[in-house]
Amino acid sequence: MADYSMYIHFYKQEQCVTVAKSGQRFADGVMQNGDYCVGFEGIAPPSSDQLYPEVPEPSPAGTPGEVPQPATPNDVQVSEDTEGQNGRGRKPSSDMVAPGGVGSDPAGNGLYKQNKDTLFFRDNKRRIDYVLAYEKNDDSKSEEKKQQKRECYEENLRYEGLELEYEDRELSQDGKTFYVKIHAPFDVLCKYAELLCIKMPIAYNDLEEEDDGRQCPNPMRLEIEEDDDRDVFTAPFMRNRMKKFMIPQKKEEFFHHAVRSRIVYTILERCRYEDDKRKIGIKKMLNNGSYSAAYPLHDGPYKSEHSKLTHGYKNDRHLLFEEWARLGKWYKYQPLDKIRQYFGEKIGLYFAWLGFYTNTLIAPAIVGFICILYGAISLGQDLTSQEICGSNITMCPLCDQRCKYWPLDNQCRYSQASHVIDNPATVFFAIFMALWATMFLEFWKRKQAVISYDWDLVGFEDEEERPRPEFESKVSTHRINPVNKLEEAFLPFYNKVPRLIWAGLVVLFMVTLVLAAVFAVIVYRIVIVVVFYRSDLGLISERAKLATSATAALLNLVAIMILNKMYERVCYWLTDMELPRTQTEYEDSFTFKMFLFQSVNYYASIFYIAFFKGSFVGRPGDYNYFLNEYRPDECDVGGCLIDLCLQLAIIMVGKQAYNNFMELIFPKLKNWWSRRGNVDQDAVPSQAYTRWEQDCDLVPVPIMALFPEYLEMVIQFGFVTLFVAAFPLAPLFALINNILEIRLDAYKFVTQYRRPMAARAQDIGVWYNILDVLAKIAVVSNAFVIGYTSNFIPRLVYLYGYSPEPGVSMRGYVEDSLAYFNVSDFQTLSIPDDKIGPDGNNVTICRYQAYRHPPGHPNEYEYTLHFWHTFAARFVFIVLFEHIVFLIKNILAYLIPDVPHDLHDLIKREQYLTTEMFFSNEKDLQQSMDQLHHDTDGTRHRHAHHHE
């Protein structure tokens with residue numbers, strides 16, 4: 001209600017207006033025990049149509065008549081043919097009716113038959129915007145306190161203008177849950193839309209090009225009618241300028257459900273349940289057990305017995321299921337506007353980002369596949385593989401004592417597989433992926449700017465965010481907020497520091513635990529490879545390295561999953577202990593700790609194989625030993641790239657398969673578990689299972705429901721970019737996974753989860769910064785993978801510096817890369833039991849991969865000049881690679897604007913229309929004020945004439 005105090009002139013006459021007790025709030029007046037008495041002294045305030053001609057008279061807030069009471073079994077009538085048919089004396093809700101009065105049948109007979117999928121109160125007019133559920137333990141002493149809190153809380157909800165309707169537990173299927181249905185009238189929605197500065201449409205977008213209907217057919221386009229939200233200009237809603245907004249004939253449709261649920265949730269968060277001003281909000285009511293659930297309703301069932309071609313879609317949920325959540329629609333665009341309207345901007349923004357990321361993966365997936373295809377096609381021209389496959393060179397044993405001398409041609413298939421991955425195209429692909437990461441991030445900023453404008457998210461995070469209820473309840477110190485000048489809970493710096501230090505120490509301990517797990521896997525590699533080599537089974541001993549790598553990767557994957565679950569609980573505990581003030585601060589702190597841990601957890605073993613494996617082995621005659629018995633793990637003749645590829649493939653693909661299984665199966669199991677206590681569905685008519693009960697039995701949406709989704713994709717982004725030189729098929733596997741991920745996440749939100757409160761977010765938050773850091777680290781990582789892990793640089797050095805035909809042929813590369821060793825120089829622990837070589841003769845000289853002088857040389861077994869040339873070439877390549885790629889990345893980031901040019905025109909046009917609306921309304925207001933003063937002067941003259 002508008003403030004008319006500046007227009008009121010007092011006089012001694014008093015009027016008293018009697019209204020029904022409905023919980024309506026009055027700005028001026030005296031409430032008495034009985035009727036509400038509203039007194040004015042002086043001239044009555046002008047009506048809204050006098051002061052603001054465009055404002056309609058608001059309908060009364062609250063439920064008319066007496067406050068509705070829960071329906072009880074005595075209020076229920078049951079037909080004779082169905083009573084007790086389930087054998088339990090239970091009254092089927094198909095015949096349950098509500099008493100007359102509030103919620104009665106519109107026909108006026110006082111009876112109303114319940115509809116299981118209704119989204120309205122019993123009058124079938126007022127839509128249910130939110131539902132509260134609770135169970136009551138009559139024998140509990142604390143139940144009285146909870147009941148008092150609920151009564152006080154619900155009375156305050158009515159005081160704010162919300163309308164409530166009750167469902168007794170005898171009417172619920174489980175026989176123990178009470179439901180409170182909440183409806184927000186139009187005037188309450190308008191009031192809070194103005195307070196929350198929600199933008200609403202004011203005019204159609206007249207800058208977009210008209211569709212001439214000559215577009216090429218696009219099989220990926222959805223054949224559904226899109227709403228007009230993207231085709232309109234918007235402005236912050238104001239009740240005194242209501243006529244300037246595009247309000248439909250059915251004004252209840254002006255606010256779509258996401259806005260309605262957000263407004264109701266705002267009221268739920270601000271209402272008290274005790275006299276203490278800190279005892280406020282639905283979150284605290286859920287935490288203290290006064291309510292067991294609070295949720296908006298889904299729009300109805302997501303399936304229909306009729307064909308959508310003949311009957312259309314039953315509701316938005318049905319539409320989203322058919323066109324978005326089904327795997328058969330994997331090639332279709334996502335209906336982002338529908339997602340936003342149904343689930344809110346925060347969830348809509350996640351799916352927009354995931355869809356954009358998935359689309360941009362198409363190019364690297366194709367290029368990576370081409371690189372692999374090039375390696376396979378060029379395998380016949382690879383002289384290195386041919387020399388290894390046709391070699392008769394005897395190699396030194398790969399382990400001590402029990403291992404035998406072995407022929408180099410055993411590495412034939414391994415070297416061929418290595419060439420498929422490690423070829424000249426891999427270098428190009430690494431550069432391509434570094435630039436792709438930059439292009440992805442820059443174009444996402446442009447896409448995000450468009451979405452923020454279309455969804456009215458610009459400047460959203462600049463608003464003052466309220467403290468979390470948990471923060472207010474646990475913090476005892478207070479201060480005056482510098483923004484709103486109100487007293488609020490405050491955690492001093494001296495109180496924060498010990499919490500942060502303790503959290504940091506726990507995080508450091510958990511990271512150390514991860515490194516210990518990685519070290520354990522390394523020890524497993526060292527020990528088990530010896531066991532496999534010593535096996536009498538030729539099938540195992542000949543494939544000891546491959547079997548070791550595969551089993552170690554699987555073991556590492558299991559350890560990763562176990563540690564993730566463990567640390568997630570620890571991370572929640574640490575973040576709760578830190579007491580972040582706002583939900584944003586809470587999410588940022590939790591995100592930092594979880595990503596730090598999971599990045600170490602997932603990437604540590606991969607970094608070991610890429611950059612450290614084989615670096616501490618030593619050489620024959622001077623091996624380094626672990627626990628005085630085991631030699632460190634070493635790479636094969638072809639390098640460690642195949643081991644790295646295998647590790648990446650198992651961890652990445654295994655993680656994706658596990659997550660997809662959990663996202664699909666786990667919610668179904670939880671829903672089955674929550675419904676198991678309900679009445680047997682075969683014994684009760686379908687009308688009994690109402691919409692609010694069906695939704696209550698769904699999995700509640702976690703507070704940080706999107707966190708694991710973002711984290712999963714960001715970890716995947718690291719796999720795709722950090723080590724793509726070792727696994728060019730990573731983008732292809734990521735693309736396939738993400739196509740499934742979009743539909744599985746959609747299925748989960750549409751069918752398995754309760755409908756979440758439509759939360760807002762301006763962007764993807766701290767995840768963008770994490771992606772940017774990963775993109776920069778990826779440049780350095782791939783430079784080292786190519787420079788040190790692969791054989792690309794040694795081959796180039798040989799080709800242009802040591803080949804018999806410089807710059808032309810690689811012939812002789814294998815011979816040049818193997819050093820000689822005299823078996824008489826073996827350490828005692830390393831002497832093999834079997835001294836017979838593959839050719840059946842005693843071995844006197846064996847070969848190993850290194851650039852060292854042969855025995856008998858003045859500097860025997862020391863590094864040759866070839867080694868130092870290769871070392872210098874590796875270093876130069878890494879420096880050049882990094883500088884060139886970073887230069888190109890920065891140039892691209894500078895050339896690509898963050899905001900599209902067309903968007904600037906749309907923003908300016910919207911600002912112009914908003915300004916014109918203000919000026920136009922000021923003219924109307926001035927005319928109303930002039931008329932008001934004219935009427936006031938006339939009234940004064942009549943009063944003066946009357947006194948005379």
Side-chain angles (χ1 to χ4, degrees), residues 1-4 6-7 27 45-61 127 161 184-208 210 226-260 262-264 266 337 340-341 345 452-460 462-463 758 760 903-933 935:
M1 184 177 292
D3 183 6
Y4 303 112
M6 62 181 295
Y7 307 113
S47 62
S48 58
D49 58 340
Q50 289 177 314
L51 186 59
Y52 301 115
E54 61 270 34
V55 179
E57 186 68 25
S59 58
R127 184 184 177 94
F186 183 73
D187 60 317
V188 174
L189 295 173
C190 292
K191 170 186 173 182
Y192 277 89
E194 182 175 3
L195 292 174
L196 298 176
C197 297
I198 296 176
K199 291 186 174 182
M200 301 304 292
I202 56 175
Y204 285 107
N205 182 2
D206 52 5
L207 295 182
E208 290 191 350
E210 294 184 0
E226 291 288 344
D227 292 335
D228 294 332
D229 283 7
R230 298 185 63 185
D231 302 322
V232 296
F233 293 113
T234 60
F237 182 77
M238 293 185 180
R239 287 175 291 175
N240 61 350
R241 294 171 172 82
M242 190 176 294
K243 282 189 175 180
K244 305 298 181 183
F245 292 89
M246 301 170 59
I247 301 179
Q249 291 184 350
K250 295 182 179 179
K251 62 181 182 180
E252 293 295 333
E253 298 177 358
F254 182 52
F255 299 100
H256 57 74
H257 193 271
V259 176
R260 298 177 67 98
R262 186 164 68 249
I263 290 176
V264 173
T266 300
D337 287 329
R340 172 242 180 162
Q341 290 180 5
E345 287 80 1
S452 296
Y453 168 77
D454 287 340
W455 293 356
D456 299 320
L457 300 174
V458 179
F460 163 72
D462 295 335
E463 302 171 7
R760 288 165 61 84
L903 186 58
H904 286 290
D905 295 336
L906 291 173
I907 294 175
K908 291 178 181 179
R909 175 65 175 165
E910 184 172 274
Q911 291 174 346
Y912 169 78
L913 291 175
T914 303
T915 304
E916 285 297 308
M917 182 186 71
F918 274 88
F919 280 115
S920 174
N921 193 77
E922 286 299 322
K923 294 179 181 179
D924 296 339
L925 178 60
Q926 186 60 43
Q927 293 176 1
S928 300
M929 291 295 298
D930 293 341
Q931 183 65 34
L932 176 63
H933 286 304
D935 295 342

Looking only at heavy atoms, which two atoms of Phe186 and Met242 are closest? And how far apart? CE2-SD, 4.3 Å
Are the side chain of Arg260 and the backbone of Ala184 linked by a donor-acceptor contact shorter than 3.5 Å? yes
Rounding to 0.5 Å, atoms SG (Cys190) and CG (Leu195) come to a distance of 11.0 Å
If we only count heavy atoms from C-beta on, is the His257 to Gln341 side-chain gap below 4.5 Å? no
Angle between ring planes, Phe255 versus Phe237, binned at 30° and 60°: parallel, tilted or perpendicular? perpendicular
Which residues share a side-chain contact (heavy atoms from CB on, under 4.5 Å) with Ala258, sequence neighbours left out: His256, Ala758
Can you list the residues that meet the ring-ring contact (aromatic ring centres under 6.0 Å, His included) rule with Tyr453, with sequence neighbours excluded? none
With side chains defined as the heavy atoms from C-beta onward, is the minimum distance between Arg340 and Asp454 less than 4.5 Å? no
Given Asp456, which of Lys199, Met200, Glu345 fulfils the side chain to side chain contact (heavy atoms under 4.5 Å, CB included) condition? Lys199
Over all heavy atoms of both residues, which pair between Pro185 and Gly161 is shortest? Give the atoms and the distance, please. CD-O, 3.2 Å
Reported CZ-to-CD1 distance for the pair Arg241 and Ile202, which is rounded to 0.5 angstrom: 11.5 Å
Any Arg127 side-chain heavy atom under 4.5 Å of Glu252 side chain: no
Looking only at non-hydrogen atoms, find the nearest pair between Pro236 and Phe245 and report the distance. O-CZ, 3.3 Å
Heavy-atom distance under 4.5 Å between the side chains of Ile263 and Leu196, does that happen here? yes
Can you tell if the side chain of Trp455 reaches within under 4.5 Å of the side chain of Asp337, non-hydrogen atoms only? yes
